[in-house]
Structures are given as structure tokens and as C-alpha cells.
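These notes concern the structure reproduced below.
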There are 2 protein chains.
Amino acid sequence: MTSGLRERKKLATRLALHQAALQLVAERGLDGVSVDDIAARADVSPRTFFNYFPTKDDAVVGIDASAVGQAAERFTARPAQESPVEALRAVHAQQATEMAGEPETLWPLRLRVIDEHPVLVARLHAVFGSAERALADAIAARTGTTVGADVYPTLLAAVSGTAMRTALHAWLASDFSASLPALVDEAWDALAAGLPAPRR
Amino acid sequence: MTSGLRERKKLATRLALHQAALQLVAERGLDGVSVDDIAARADVSPRTFFNYFPTKDDAVVGIDASAVGQAAERFTARPAQESPVEALRAVHAQQATEMAGEPETLWPLRLRVIDEHPVLVARLHAVFGSAERALADAIAARTGTTVGADVYPTLLAAVSGTAMRTALHAWLASDFSASLPALVDEAWDALAAGLPAPRR
DNA sequence: GCGAAACGTGCAGTCCGTGCAATGTTGCGT
DNA sequence: ACGCAACATTGCACGGACTGCACGTTTCGC
């Protein structure tokens with residue numbers, strides 16, 4: 001499937017750099033860590049670092065563009081009779097489960113580090129942003145409109161990103177004791193109801 | 001009111017730098033413009049540039065933190081019987097009117113330039129982000145919850161930012177021929193209705 | 001006016017990010 | 001097994017972003 005020694009090595013190096021970046025920044029803060037430090041811990045030359053990430057910040061966030069188109073593809077693959085919101089909820093449910101199930105500490109550490117550095121939050125937004133653009137096209141296709149003619153596709157795509165980010169943030173705030181899928185669901189419940197003031 | 005020669009000069013220099021940055025980047029693109037170029041056009045030394053903006057990108061975006069808390073304050077000032085969404089709509093309506101009425105070309109140019117550079121979009125998101133944090137607190141106060149206990153305040157604050165950004169983007173896409181307040185309203189209609197698929 | 005505080009500026013230095021060219025590794029055909 | 005072609009790693013040199021510091025100049029409150 002993944003085949004090739006080359007491919008595997010590349011993936012391994014990329015992950016090593018990402019984890020080195022995460023750990024170091026968690027210890028010393030973003031400004032206390034240089035690209036040279038990260039490269040050193042991952043056992044590659046500083047120059048090689050930039051073959052894997054265009055930016056120090058990107059190495060810390062460590063989400064590749066390939067995972068980005070995924071959401072739009074999954075959305076398109078959902079049964080046609082589902083409404084856009086229903087389809088999105090299903091996609092998010094799947095993603096949330098995957099994130100919560102990964103190497104365990106990766107996402108928590110990532111989120112903790114990102115949350116402490118506004119620059120990285122912005123970077124994360126940028127990553128989501130390109131996913132949302134693809135998603136907007138997919139939504140437009142499903143509803144028979146175009147992104148230019150109607151606000152709906154762009155709005156819904158952006159809102160879905162917001163829902164996921166909010167859930168991730170709440171997950172972090174709960175110190176990862178809450179269930180991520182449950183938080184995602186909660187967010188979508190509020191959205192689907194038109195954001196009414198919560199009863200107390 | 002604004003008093004002091006010092007204050008006025010500072011404001012003027014800040015604006016000069018921002019506009020210099022905008023124009024230059026519009027002409028040559030973000031990478032074609034150096035801080036020295038911007039400082040030169042605004043008639044200050046390169047070193048002085050950094051007394052006004054922490055970053056080249058910030059000078060291009062040019063939105064100060066003072067305008068940021070504004071949304072939360074206005075929200076809090078709304079009559080108490082309004083629901084959170086109603087109050088937010090009112091605040092956004094006012095903001096949209098102001099933006100559309102400003103020096104005319106400032107926002108259009110800003111949006112055009114920002115939209116062409118993902119890095120700047122991220123920076124804009126960061127600015128909105130701090131506004132949203134303040135807003136979340138205000139929303140929590142209004143609904144009698146706290147930001148920690150419930151997703152609602154954070155979610156609604158983030159969604160409101162999304163609504164405004166989406167409207168701004170649609171405004172840009174219409175080449176500024178559409179009415180910004182109308183676009184904002186349209187976005188909120190969809191949100192308040194729970195984001196149903198648009199009828200065709 | 002006058003002293004204190006704020007502002008503008010130059011200088012030196014660190015780090016980020018990139019193009020280029022040399023060197024080492026891997027994959028593949030024979 | 002061999003050698004060549006493709007690709008990955010690395011060092012070097014460079015331009016630009018940003019910061020701390022020190023010094024001269026301007027403005028403010030009295």
C-alpha cells in the first residue's frame with residue numbers, strides 16, 4: 001500500500017520533525033526554539049528541515065495538506081438524500097472519532113501547544129481555511145448552487161470549521177476528559193436549532 | 001476630544017504606514033515589498049516602523065486592538081430582553097454600516113489585498129479571534145453561564161465572527177456592488193434558521 | 001521656559017527562509 | 001550484481017524580518 005522505503009523514510013522524518021517541534025515548543029515556548037534546535041533533535045540538517053515544512057510554525061502545527069481535502073471528499077460521498085447539515089455532521093462525527101483515537105497524546109499535545117500561541121492558532125485557521133474552500137464547492141454542488149451566487153455554501157463550510165474548532169477547544173478546556181464526538185454533536189445541535197439561548 | 005499633538009501625529013503616522021503598506025502590496029504583492037519600502041513611502045525610518053506595528057503583516061491588515069473590544073462592549077450594551085442572536089445581529093448591522101461608509105476605498109482595498117495572501121487572511125482571523133474571546137465572555141454573562149461550563153458562548157462568538165467574515169468575502173466577491181449590511185443580514189437569516197438547504 | 005517623559009533613529013545582532021551546487025542514497029533495468 | 005537515473009540530504013551564502021540598546025530630538029505639564 002504505502003510501499004517504497006523512500007516513502008516510509010520520508011514519512012518517518014516528517015513525523016520526527018513534527019514531534020521534535022511539538023515537544024521543544026511545549027518545553028520552551030515558540031520563541032525559545034529555533035529551527036536548528038528542531039532539526040538537531042530530529043537528526044537532520046537544518047537545511048533539510050525546510051524540505052519538509054515551509055515554516056517553523058507549520059512544523060509545530062504539523063497538519064499536511066493531504067488531510068485537508070479529505071473532508072470535502074467524504075462529504076461528497078455521503079448519500080444524496082441527506083441534507084448538507086446532516087452530511088456534515090456525519091463527516092465530523094467520523095473525524096472526531098479518529099482524532100480521539102489516534103496515538104493518544106498527539107492531538108492533546110498539539111492542541112495545548114497551539115492554544116498557547118496565537119500565531120499557531122492563526123496557522124491552524126489557515127489550514128482549516130483551505131479545507132473549507134474545497135468544502136464550499138462540494139456544498140454548492142450538492143445544493144445546486146454556485147459559490148458565487150449564494151452565501152450559503154461559503155457560510156456553511158466556514159461554520160463547519162468553526163464547529164470543529166470550538167469542539168476541539170472545549171475538549172482542551174476539559175483537559176481531554178470529555179468525549180470529542182459528544183462535543184462536536186453538542187455544537188451541531190446548537191447550530192441546527194438556530195443558536196437559541198441555552199435554557200438554564 | 002482626541003487632544004494632544006502627539007496623539008494626532010501618532011495616529012497619522014500609523015495610518016500613513018498602513019496605507020503605504022496596502023498600496024505597495026497591492027502593486028507588487030506581499031513578497032515584493034519590504035519593511036524598508038513601506039517605511040520609505042511613509043517617510044519614517046525602518047526602525048520606527050516597528051514602533052507602530054509588530055509585524056509587516058500587521059501593518060498591511062492594519063486593524064488595531066482597540067477596535068477589537070468594541071464588539072463585546074456594544075453587545076453588552078444591547079437591551080437585556082434581546083436574545084443573544086438578536087443582539088449580535090444588531091451589533092453586526094451597525095458595524096457593517098460603518099465599514100461600508102468609511103473612507104470609501106479603505107475596506108475594499110484592504111479586503112482585496114488580504115484575500116490574495118493566505119498569510120494575511122490568517123492574520124485577520126487572529127484579530128477576529130481576540131474579539132471573539134471577549135465576546136464569548138459577554139455572551140456567557142448574558143445567558144448566565146460561563147465559558148468553561150457550556151460550549152454555547154464560545155460557539156456563538158466564533159460563529160458571529162464567521163458570519164461577518166463570510167459577508168465580507170461575499171462583498172468582495174460582488175466587487176463591492178452588493179450591500180454589506182444586506183449580506184450580513186442574509187448570513188444571519190441562514191444561521192437563525194438552522195442552516196437549512198436553500199430552496200431553489 | 002524647563003525638566004521629565006515620550007518619540008525617532010542608527011547600529012549590531014539573531015533567526016527565518018531560499019536558491020544553488022555538491023554529495024550521498026535509493027530504485028530499477030539488465 | 002552492476003551501474004545509471006532519480007531523488008534526498010546537506011553546506012553555503014544571501015536577503016529580509018525583527019529586537020535590544022543607546023543617543024539625540026520633540027512634546028507635555030507645570
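Order of the sequence lines fixes the chain letters, A, B, ..., with proteins taken first and strands second; residue numbering starts at 1 for each chain.
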**For atom CD of A:Glu7 and atom C1' of D:dA6, their distance in whole Å** = 13 Å
**Request:** Using whole Å, report how far CZ of A:Phe50 lies from C1' of D:dG15.
**Result:** 14 Å
**Message:** Under 4.0 Å, heavy atoms only, any strand: does A:Pro54 hit a base, just the sugar-phosphate, or nothing?
**Reply:** sugar-phosphate
**Message:** Quick check on B:His125: does its NE2 atom have over 12 non-hydrogen neighbours (other residues, nucleotides or ligands) under 6.0 Å away?
**Reply:** yes
**Request:** Extract, from 5' to 3' on DNA chain C, the first and final nucleotides lying under 4.0 angstrom from some heavy atom of chain A.
**Result:** C:dC16 to C:dG27
**Item:** Length of the CZ-C1' vector between A:Arg14 and D:dT9, whole Å
**Value:** 17 Å
**Prompt:** Does a nitrogen or oxygen in the side chain of B:Thr55 sit under 4.0 Å from OP1 or OP2 of D:dC18?
**Reply:** yes
**Item:** Closest non-hydrogen atom pair, A:Met164 against A:Gln95
**Value:** CE-OE1, 3.7 Å
**Request:** Whole angstrom is fine here: how far is it from NZ in A:Lys56 over to C1' in D:dA17?
**Result:** 13 Å
**Request:** Return the value, rounded to whole Å, for the distance between atom CZ of B:Phe53 and atom C1' of D:dT19.
**Result:** 18 Å
**Request:** Would you mind reading off the distance between A:Asp36 atom CG and D:dG11 atom P, rounded to a whole angstrom?
**Result:** 11 Å
**Prompt:** Taking CD1 from B:Ile38 and P from D:dG16, how many angstroms apart are they, rounded to a whole number?
**Reply:** 13 Å
**Complete:** Residue pair B:Lys9/B:Arg47 against DNA chain D: nearer the 5' end by closest nucleotide is B:Arg47
**Request:** If the plane angle is over 60° it's perpendicular, under 30° parallel, otherwise tilted; pick one for A:Phe53 and A:His18.
**Result:** tilted
**Fill in**
Whole-Å distance, B:Leu30 CG to D:dG16 P, equals 14 Å
**Prompt:** Checking all strands, does B:Tyr52 fall into the base, sugar-phosphate, or nothing category for heavy-atom contacts under 4.0 angstrom?
**Reply:** sugar-phosphate
